[in-house]
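Reading through the structure tokens given below for one structure.
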Protein chains: 2
Amino acid sequence: MTKTLTRIQQRNRSAILDAGLEVFSQYGFRGSTLDQIAEAAGLSKPNLLYYFPSKEAVHTALLERLLENWLAPLQALDPTGDPIQEILGYAQRKLALSRDYPRESRLFANEILQGAPRIHNILRGDLKTMVDDKAAIISGWAEEGQIADIDPHHLIFSIWAFTQHYADFDVQVRAVLGDKPPYDGAAVFLETLYEKLLTP
Amino acid sequence: MTKTLTRIQQRNRSAILDAGLEVFSQYGFRGSTLDQIAEAAGLSKPNLLYYFPSKEAVHTALLERLLENWLAPLQALDPTGDPIQEILGYAQRKLALSRDYPRESRLFANEILQGAPRIHNILRGDLKTMVDDKAAIISGWAEEGQIADIDPHHLIFSIWAFTQHYADFDVQVRAVLGDKPPYDGAAVFLETLYEKLLTP
DNA sequence: TCTTGGTTTGACCAGTTGGTCAAATCAACG
DNA sequence: CGTTGATTTGACCAACTGGTCAAACCAAGA
């Protein structure tokens with residue numbers, strides 16, 4: 001049913017979402033204008049509103065698409081795998097996400113900075129449930145002595161913080177590093193950091 | 001000269017700055033309105049504009065005040081002190097800054113997220129200079145074998161990322177942690193993390 | 001070709017925005 | 001008290017905001 005979209009509809013809807021991602025991720029919801037998004041999408045404002053009923057609708061569509069991809073890497077943490085490799089793998093996957101989808105990262109950052117008005121219930125619901133679940137796995141590993149004894153929630157926070165920093169604070173990171181590319185050094189550092197932290 | 005300020009001027013200017021901090025840190029520059037700031041300051045909009053010539057001026061004043069306090073903790077890193085204690089101390093000081101001045105942290109985050117249009121030159125100038133300076137000190141410690149051999153720039157990034165995460169992503173952190181207070185656990189985790197990382 | 005339904009747009013609207021200004025109010029000092 | 005300069009405000013403005021709508025345009029099948 002939902003699949004009944006013209007080629008034009010597909011092209012324009014995805015152009016709008018891409019433009020919305022570009023604009024919202026930079027200025028936040030209230031700081032972005034429909035004219036800006038329309039121009040970035042190569043459409044007139046009324047034409048944009050022919051595909052999405054409102055500014056809010058574009059933003060919501062983006063957030064929904066984002067959350068799917070955002071929670072996936074943590075979900076993939078495997079309780080039967082090698083503990084240190086599982087956590088290291090998760091961190092590297094998250095870093096790659098920042099490298100390859102920095103605008104999505106900044107869209108998320110903007111939403112959280114503004115108090116997460118649109119996704120607060122998801123944070124307290126799905127996200128908390130999943131994090132608590134994975135934290136329990138990590139705690140289990142710690143009790144078995146497979147990894148060092150650390151607080152699993154703050155471990156996860158540290159991974160989020162460090163990896164997202166390279167997308168959200170990109171301009172600062174590049175200003176400080178000068179010409180050096182950020183992500184190679186970051187991946188190496190990440191590896192060292194968590195290997196040393198987690199080795200019992 | 002600049003000190004010739006009435007009691008009223010002092011009170012209102014600081015009320016405006018506080019209100020501006022509150023509003024700008026939540027909605028970013030473009031997402032904030034003068035009416036919002038004026039109301040938060042308990043003034044009428046024309047009255048606010050009697051003390052600051054424009055919205056931009058309020059924002060600039062806030063950023064300037066912020067940058068002073070923001071760069072101070074890193075500046076305090078002492079090359080003659082005990083390496084691990086110096087770095088640990090810096091990290092803890094930065095975490096305390098997030099705890100005690102979360103709005104300032106979010107104001108900064110908003111500015112960087114939007115591409116740092118107003119402070120880009122400072123990032124490439126003063127900030128980069130100071131970070132390179134401190135990075136050299138840390139590299140020196142590493143060469144002497146006093147701390148483990150890690151990339152000093154990414155070490156500093158990781159401290160920024162982790163500590164600011166608790167202010168900037170406050171709503172997410174609290175959603176995940178539920179009732180537990182964030183900062184106690186964070187301080188303990190921070191201590192463990194960098195002690196393990198830096199011990200040679 | 002004509003028709004039909006999806007697509008695009010110019011003109012428009014009411015509400016909001018940053019900012020101005022002259023007039024009114026207030027505080028304090030002689 | 002009266003005066004003077006700082007302070008406050010209501011009324012106002014042009015530009016911009018999200019959103020509407022009828023009319024025009026266009027692609028494609030009959």
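Lettering follows sequence order; numbering is per chain, from 1. Basis for what follows: all heavy atoms, side chains included, without hydrogens, waters or symmetry-related copies. Bear in mind the structure is a predicted one, so any value in this text is a computation, not a measurement.
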Is [X] close enough to [N] that one of its side-chain N or O atoms is under 4.0 Å from OP1 or OP2 there?
| X | N | answer |
| --- | --- | --- |
| Q9(B) | dA6(D) | no |
| S44(B) | dT9(D) | yes |
| Y50(B) | dT20(C) | no |
| N12(A) | dG6(C) | no |
| N47(A) | dT9(C) | yes |

Does I159(B) offer a backbone N or O that forms a donor-acceptor pair with the side chain of Y194(B) under 3.5 Å?
yes
Would you confirm whether S105(B), through its side chain, and Y101(B), through its main-chain N or O, come within 3.5 Å as a donor-acceptor pair?
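Checked: no pair found.
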How do P53(B) and D35(B) order along DNA chain C: which one's closest nucleotide is nearer the 5' end?
D35(B)
Between R30(A) and L48(A), just flag the one whose closest nucleotide in DNA chain C comes earlier from the 5' side.
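Between the two, 5'-proximity favours L48(A).
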In this structure, how many angstroms lie between the [atom2] atom of [N] and the [atom1] atom of [X], rounded?
| X | N | atom1 | atom2 | value |
| --- | --- | --- | --- | --- |
| Q36(B) | dT16(C) | CD | C1' | 12 Å |
| R13(A) | dT7(C) | CZ | P | 11 Å |
| K45(B) | dG10(D) | NZ | C1' | 12 Å |
| I16(B) | dT7(D) | CD1 | P | 11 Å |

Base, sugar-phosphate alone, or nothing: which one does F52(B) contact when heavy atoms must sit under 4.0 Å apart?
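The answer is nothing, as F52(B) stays clear of every strand by at least 4.0 Å.
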Can you give me the closest heavy-atom contact between L123(A) and A116(A), atom names plus distance?
CD1-CB, 3.9 Å
Can you check whether any acceptor in the base of dG19(D) is under 3.5 Å from a donor in the side chain of K55(A), or vice versa?
no
Starting the side chain at C-beta, find the nucleotide from [options] nearest to [X].
| X | options | answer |
| --- | --- | --- |
| S54(A) | dT17(C), dG19(D), dT7(C) | dG19(D) |
| L34(B) | dA11(D), dT7(C), dG18(C) | dG18(C) |
| L49(A) | dG19(C), dA11(C), dG19(D) | dG19(D) |

Under 3.5 Å, is there a donor-acceptor pair between the H153(A) and D132(A) side chains?
yes
Can the ring centroids of F189(B) and F162(B) be said to lie less than 6.0 angstrom from one another?
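Here the rings of F162(B) and F189(B) have centres that are less than 6.0 Å from each other.
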Contact state string [nucleotides 22-30 of chain D, B base, S sugar-phosphate only, - no protein heavy atom under 4.0 Å]:
---------
Ring geometry between F157(B) and H154(B) (parallel below 30°, tilted from 30 to 60°, perpendicular above 60°):
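Taking F157(B) first and then H154(B), their aromatic rings stand perpendicular (interplane angle over 60°).
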With under 30° as parallel and over 60° as perpendicular, where do the rings of F24(A) and H59(A) fit, or are they tilted in between?
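Aromatic pair F24(A)/H59(A) classed perpendicular.
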